[in-house]
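It should be emphasised that the depicted structure is a prediction, and the values quoted were computed from it without experimental measurement. Per chain, numbering begins at 1; letters A, B, ... match sequence-line order.
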Protein chains: 2
Amino acid sequence: MEKHGRKTMQTVAERAGVSLATVSHVLNGTRFVSKTTAELVHKAVTDIGYVPNTIARDLARSSTSTIGLVFSLSVNAFFLDIISAIEAECQRDGLSVLLFDSNDDPAKEWRIVRDLHQRRVDGIILAPAGGPESAAIRYLHENRVPAVLVDRLADSRFDQVGLNNHDAIHLVTDHLCNLGHRRIALIPGHSTYTTTVERIEAFRANLSARGLLDDGLITPPAHTLQEAAEHTSRLLDSGHIPDAILAGNNLCTLGAMREISSRGMKVPRDLAIAGIDDFEWADSFEPRLTVVRQPCAEIGQTAARLIRRRVASIDAAPEAHRMTPSLIVRRSCGYMPAES
Amino acid sequence: MEKHGRKTMQTVAERAGVSLATVSHVLNGTRFVSKTTAELVHKAVTDIGYVPNTIARDLARSSTSTIGLVFSLSVNAFFLDIISAIEAECQRDGLSVLLFDSNDDPAKEWRIVRDLHQRRVDGIILAPAGGPESAAIRYLHENRVPAVLVDRLADSRFDQVGLNNHDAIHLVTDHLCNLGHRRIALIPGHSTYTTTVERIEAFRANLSARGLLDDGLITPPAHTLQEAAEHTSRLLDSGHIPDAILAGNNLCTLGAMREISSRGMKVPRDLAIAGIDDFEWADSFEPRLTVVRQPCAEIGQTAARLIRRRVASIDAAPEAHRMTPSLIVRRSCGYMPAES
DNA sequence: CGATGCTTTGAAAACGTTTGCACCCATTTG
DNA sequence: CAAATGGGTGCAAACGTTTTCAAAGCATCG
């Protein structure tokens, strides 16, 4: 371990008595170097404690082999599973991953996206906080940055991967109805997501087909946990309260439960509740939530695959992928009648 | 918006009819430029859609103004609050933040730290997964990378900021004892953290002073949620089960609850439980956990402050900060007797 | 013995910025 | 009127790599 002066490849080269080029080639395995010189170089590297400089390398290569991830980590724990899958997939491809937390704040999201682009990442995978009008989306499009949208499908000009919302809603409303619930309320998620639009649509279609549709039971979209709680409150204060609440995403689930709980109501005794998006602890705490689960690993893998393709050919036609949800039946909707 | 050729400052300079240097100075505000030329430059920039290249800039400046964050996002939701605070603080200082998820995997942690160093971040803030022997910690020390350790205080050669574990344990054991619990079990967290050692120490001291210490009620450290569940299981199968369990961190809390719940036991009816680390949903689900809460914002701010200082003077004497915990009394330990 | 081919290596031009130094011109000053 | 001042700008050398082009050494062959 030397004292401390900037160690560059030049230092290594001198120490090993070879040229700069040779050091580079040894380190990258990018052309044949005789065994003896290679060893000389390696020895020099460890002797002086040389650490490669990614910045210089990226500049010279005009490529970073890095993709940027922009998610809202705060409430959406399941994003972490998606991220893990993306990372695993990218690592296999020799790609680095830069993670950023957008906090679901469109302004912050935009700053992150711009920063990422200035850092010259090869591509960006984004769970957009805003709709097609959002600054981030516009930026990505105008600058032709290779990008993939996840979960909230905001804009069909991009590659997208998310849940099959139609199936998700049907899975859970069918379940609710089978258990005998009639007055089913919906608290939809963020209003600008097409995801939300689709879920509302599917919900109305399903209930309407059963003659159960009551638009008074569909609250306005909830953008925050607080808003979800407020909508729930209004629902419970209304003339005839619902006998089941379907929460459009985990933020809504948490908001609704907060309100229900603070009123001292019990689930499923006083009210059924079901959500979209699972929680790790859902099996251990009461009420044990019945939820629709997303195939996170699959979503992540697909996103990774799409971004690679997009990086390779920026002009390919955009693809949209819908993954199959599954229903996790627990106890928050009442007891399941025995199958006959 | 032009078709698509690499736009560099040179392009801008030609378009504006000025020199490369002037463009740079205009963009950075780094020396006076006459208003008219400045406007010329700005116009050229938007005309051709120039996007600055962070890589080249960092290389030329030999500095990235970036700090790396290495946390385990998966289980430790409260890390997100710490991260938010760090980000806010760094933004105020014009520093970028690169976030990485270590998954509490020492090997991955090491890879990340090395990658960050190769990217030439100014400093690293780390919630170490391993102890002082871990590859990451060793790497940081050997390469003299400015670093701050958070939460799990692994090595006194570094700046550190975490919880005052002594106070935390006393807060919650006192509470438990006041409620009449005698047989209090402890499920400690990851064994290599000094945090864990301190918590066990404080726990033993407190109970011992009350003549309540029973080493049979202290399980081995739990490294995963699964292990925590197993330790709980063993505890409950033992001859005389505890009347209260204190979980050393949120992973332990979740593991313990999983087991308790799967046995159909009710908290606090059959058993009291208290944890260290709060959950956002803890108020809405049963049992409503009584926990010790960390001052996340404060921890984050301190970490940011420390890393700045460390970056400025690599050889300053390391500081260790212990933040004051607070007890959040809910219902999982039984009902609080009225204060007299 | 000169030409040919193979193996191994080096020199130097990128990559896109920042920044120290010097320059030019117009104005003020002695 | 020459010299000093100062506002505004440009040149070119870094920054630490990658990579193209070509050369040097050496044996083989006709």
Side-chain angles (χ1 to χ4, degrees), chain A residues 4-42 44-45 48-66 94 96 115 117-122 143, chain B residues 4-42 44-45 48-66 94 96 115 117-122 143:
Chain A
H4 212 66
R6 273 287 153 260
K7 284 70 165 253
T8 84
M9 288 185 91
Q10 184 59 47
T11 332
V12 175
E14 282 160 10
R15 172 103 179 198
V18 301
S19 83
L20 195 53
T22 299
V23 176
S24 172
H25 286 300
V26 169
L27 262 34
N28 296 309
T30 161
R31 87 174 170 197
F32 181 87
V33 173
S34 78
K35 199 158 181 196
T36 52
T37 4
E39 273 164 7
L40 237 45
V41 170
H42 281 127
V45 165
I48 71 173
Y50 167 73
V51 177
N53 185 324
T54 307
I55 301 177
R57 161 207 268 243
D58 286 351
L59 184 60
R61 287 204 185 144
S62 306
S63 140
T64 56
S65 297
T66 295
S96 297
D115 181 61
H117 185 215
Q118 295 185 170
R119 288 191 132 87
R120 295 295 188 269
V121 293
D122 292 351
N143 292 83
Chain B
H4 213 65
R6 274 287 153 258
K7 283 71 165 250
T8 83
M9 287 185 90
Q10 184 60 47
T11 331
V12 176
E14 281 160 11
R15 171 101 180 199
V18 301
S19 81
L20 193 54
T22 299
V23 176
S24 172
H25 287 300
V26 169
L27 261 34
N28 297 307
T30 161
R31 87 175 170 193
F32 182 87
V33 173
S34 78
K35 202 161 179 191
T36 53
T37 0
E39 273 164 7
L40 238 46
V41 170
H42 282 125
V45 165
I48 70 173
Y50 166 74
V51 176
N53 185 321
T54 307
I55 301 177
R57 162 208 267 245
D58 286 351
L59 182 60
R61 287 202 184 147
S62 306
S63 140
T64 55
S65 300
T66 295
S96 297
D115 181 61
H117 185 215
Q118 294 184 171
R119 288 191 132 86
R120 296 293 189 270
V121 294
D122 293 352
N143 292 82

_Check: C:dT9 base within 3.5 Å donor-acceptor of A:R31 side chain_ = yes
_Heavy-atom closest pair, residues B:T8 and B:Y50_ = C-CE1, 3.6 Å
*Could you check how far NE2 of A:H25 sits from C1' of C:dT7, rounded to whole Å?*
14 Å
*Nearest-nucleotide comparison on DNA chain C, the residue closer to the 5′ end among A:S34 and B:L20*: A:S34
*Nearest atoms (heavy-atom pairs only) where B:H25 meets B:V33*: CB-CG2, 4.3 Å
_Sidechain-backbone polar pair: A:N53 side chain, A:I55 backbone, donor-acceptor under 3.5 Å_ = yes
*Taking all non-hydrogen atoms of both residues, which atom of A:A44 and which atom of A:A16 are closest, and how far apart?*
CB-CB, 3.9 Å
*Round to the nearest Å and state the distance from A:E14 atom CD to C:dG10 atom P.*
12 Å
*For A:N28, answer base if it contacts any base atom (sugar-phosphate contacts may also be present), sugar-phosphate if it contacts only those atoms, and nothing otherwise; contact means non-hydrogen atoms under 4.0 Å.*
sugar-phosphate
*To the nearest Å, give me how far apart CZ (A:R57) and C1' (C:dA14) are.*
17 Å
*So B:R120 and B:S63, side-chain contact (heavy atoms from CB on, under 4.5 Å) or not? Walk me through it.*
CA-CA 7 Å; B:R120 296 293 189 270; B:S63 140; over 6 Å; no
_Residue whose nearest DNA chain D nucleotide is more 5′ - B:A60 or B:K35_ = B:K35
*Map B:A21 and B:L59 onto DNA chain C by nearest heavy atom, then report which one ends up closer to the 5' terminus.*
B:L59
*Please determine if a side-chain N or O atom of B:S24 lies less than 4.0 Å away from the OP1 or OP2 oxygen of C:dT17.*
no
*Select base, sugar-phosphate, or nothing to describe what B:T37 touches, counting heavy atoms under 4.0 Å on all strands.*
sugar-phosphate
*Can you check the A:R119 CZ to C:dT17 P distance for me, whole Å?*
15 Å
_Please find the pair of heavy atoms, one from B:V12 and one from B:V23, that lie closest to each other, and give the distance._
CG1-CG1, 3.9 Å
_chain A footprint on DNA chain D, 5' to 3' - any atom under 4.0 Å from a heavy atom_ = D:dG16 to D:dC21
*Specify the closest pair of heavy atoms between A:L20 and A:Q10, including all atoms of both residues, with the distance to one decimal.*
CD1-N, 3.5 Å
